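Worksheet: the structure to be examined is printed underneath.
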Amino acid sequence: MDGTWTGVRERVLVLREAPGRSEVFGAESPRGGGHGFELLPVLTEAEVRAVERSLAVELPAEYRSFLLEVGAGGAGPDYGLFPLRPPGPDTPPSPEPPFRPELTAELESGEPERDDYADEAAFLAAYQLWDARADELHDALTDGTLCIGERGCAYYNLLVINGPHLGTVWEDVRAVGEGVVPIRLAGETGPVPFARWYLNWLHHAERRAWDTAAGTPPRPRPTDGAA
């Protein structure tokens with residue numbers, strides 16, 4: 001416990017009282033729903049270990065401490081964080097292979113072009129082989145990740161839980177054929193660690209929720225390092 005999440009649960013929950021809470025994307029929906037700045041209870045150490053046993057990995061440190069100190073799901077970027085439920089005692093392990101972001105490049109660049117083949121039969125044969133490989137790639141793109149939230153329009157947020165990009169957040173945009181790509185924050189490059197991603201969202205949610213009411217100053221808040 002390094003203090004990363006100190007006071008964060010309280011900061012999130014108090015946003016339920018903010019006059020501009022509905023201005024924060026994903027908090028409320030005209031059709032009902034939204035995370036409403038609610039958080040699930042935290043998990044116990046035993047519950048987190050049960051999750052890790054089921055995945056055959058140790059969860060990234062920032063996400064692990066979030067589960068223990070802030071909550072097991074609820075308010076967060078976009079439409080919030082999906083609940084993380086400990087598995088039942090009889091649930092067999094389902095090991096996660098490493099995350100391989102290079103598969104997205106293969107998926108996007110491998111489709112055969114008709115002009116590269118002398119006749120239709122050769123093109124169709126090559127296309128069938130590529131189509132079968134594309135199905136394999138589509139399924140494998142999320143290996144080594146945990147789907148932690150929804151962005152809308154069938155886009156999802158993924159946390160890498162196995163592989164060299166451990167602990168960073170990526171965007172699943174397979175719905176539009178673009179594979180899995182790193183989440184980007186304004187003015188930054190490279191994959192974003194979980195804590196940076198979440199605290200950046202909280203910083204901007206606080207500004208929007210407290211500043212949108214005319215004449216209402218934002219509430220004082222601890223410094224989290226977010227720009």
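What you see below is based on every heavy atom in this structure, not just the backbone, and it leaves out hydrogens, waters and symmetry mates. As the structure is a prediction and not an experimental result, all values here were calculated from the model. By convention here, the first residue in the shown sequence is residue 1.
- Between Trp201 and Phe37, the ring planes are parallel. Angles under 30° get that label, and only those over 60° would be called perpendicular.
- Each of Leu39, Leu13, Leu202 was scored for a side chain to side chain contact (heavy atoms under 4.5 Å, CB included) with Val8, with one residue passing: Leu202.
- Closest non-hydrogen pair, Val51 versus Pro86, comes out as CG2-CA, 3.9 Å.
- You'll find the side chain of Leu103 stays beyond 4.5 Å of the side chain of Asp143, heavy atoms only.
- Taking both residues in full, the closest heavy atoms of Ser54 and Pro87 are given as CB-CG, 3.7 Å, listed atom of the first, atom of the second, then distance.
- One hydrophobic cluster, built from ILVMFWY side chains closer than 4.5 Å, cannot hold both Val180 and Phe82; they sit in different ones.
- Qualifying side-chain hydrogen bond (donor to acceptor under 3.5 Å, both in side chains) partners for Trp197, counting only residues two or more places apart in sequence or in other chains: none.
- Remark: side-chain polar atoms of Arg208 are paired, donor with acceptor, to backbone N or O of Glu23 under 3.5 angstrom.
- For Arg9, the CZ atom sits in a packed shell: over 12 heavy atoms of surrounding residues, nucleotides or ligands are nearer than 6.0 Å.
- Under the 4.5 Å side-chain criterion, counting only non-hydrogen atoms from C-beta, Leu15 is in contact with Trp210.
- Transitive grouping of hydrophobic side chains (ILVMFWY, heavy atoms separated by less than 4.5 Å) keeps Leu141 and Tyr156 in distinct clusters.
- For the atom pair OG1 (Thr6) and CZ (Arg11), the distance works out to 10.5 Å, reported to the nearest 0.5 Å.
- Counting only heavy atoms from C-beta outward, the side chains of Leu158 and Phe99 never approach each other to under 4.5 Å.
- The heavy-atom pair separating Leu68 from Val42 by the smallest distance is O-CB, 3.5 Å.
- If you take CG on Asp78 and CD1 on Ile148, they are separated by 10.0 Å, rounding to the nearest 0.5 Å.
- Arg21 places a side-chain N or O within donor-acceptor distance of the main-chain N or O of Ala18, the cut-off being under 3.5 Å.
- The only option from Glu10, Glu38, Glu28 that meets the salt bridge (Lys or Arg N to Asp or Glu O under 4.0 Å) definition with Arg16 turns out to be Glu38.
- Considering every non-hydrogen atom in both Pro191 and Trp170, the closest pair reads CG-CZ2, 3.9 Å.
- Taking 4.5 Å as the limit, every side-chain heavy atom of Glu188 sits out of range of all side-chain heavy atoms of Asn200.
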- Message: Apply side-chain contact (heavy atoms from CB on, under 4.5 Å) to residues Ile183 and Arg151 and explain how you reach the verdict.
- Response: CA-CA 11 Å; Ile183 292 286; Arg151 299 177 62 86; 3.3 Å; yes
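- The heavy-atom pair separating Trp5 from Glu69 by the smallest distance is CB-OE1, 3.9 Å.
- Atom NE2 of residue His35 and atom CD of residue Glu150 lie 12.0 Å apart, to the nearest 0.5 angstrom.
- With rounding to the nearest 0.5 angstrom, the OG1 atom of Thr145 is 11.0 Å from the CG atom of Asn157.
- Arg64 CZ to Leu43 CG: the interatomic distance, rounded to the nearest 0.5 Å, is 10.0 Å.
- Going from atom NE2 of His204 over to atom CG of Asp211 covers 12.0 Å, rounded to the nearest 0.5 Å.
- Neither Leu67 nor Leu166 shares a network with the other; the hydrophobic side chains, linked directly or stepwise wherever heavy atoms of I, L, V, M, F, W or Y lie under 4.5 Å apart, form separate groups for each.
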- Message: Please determine whether salt bridge (charged side-chain N to carboxylate O under 4.0 Å, His left out) holds for the pair Arg49 and Glu45, giving the CA-CA distance in whole Å, both sets of side-chain angles, and the decisive distance to 0.1 Å.
- Response: CA-CA 6 Å; Arg49 288 180 179 175; Glu45 177 67 27; 3.0 Å; yes
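- Nearest heavy atom pair, residue Tyr198 against residue Pro77, reads CD1-CD, 3.8 Å.
- Between Thr142 and Cys147 there is no side-chain heavy-atom pair separated by less than 4.5 Å.
- For the pair Arg85/Leu40, a side-chain contact is recorded, criterion being any heavy-atom separation below 4.5 Å from C-beta on.
- Hydrophobic clustering places Val192 together with Phe66 (ILVMFWY residues linked when any side-chain heavy atoms are closer than 4.5 Å, directly or through intermediates).
- Counting heavy atoms from C-beta outward, Pro60 and Ile161 have side chains that approach closer than 4.5 Å.
- Inter-residue side-chain proximity for Tyr63 and Leu84 is flagged as met; some heavy-atom pair is nearer than 4.5 Å.
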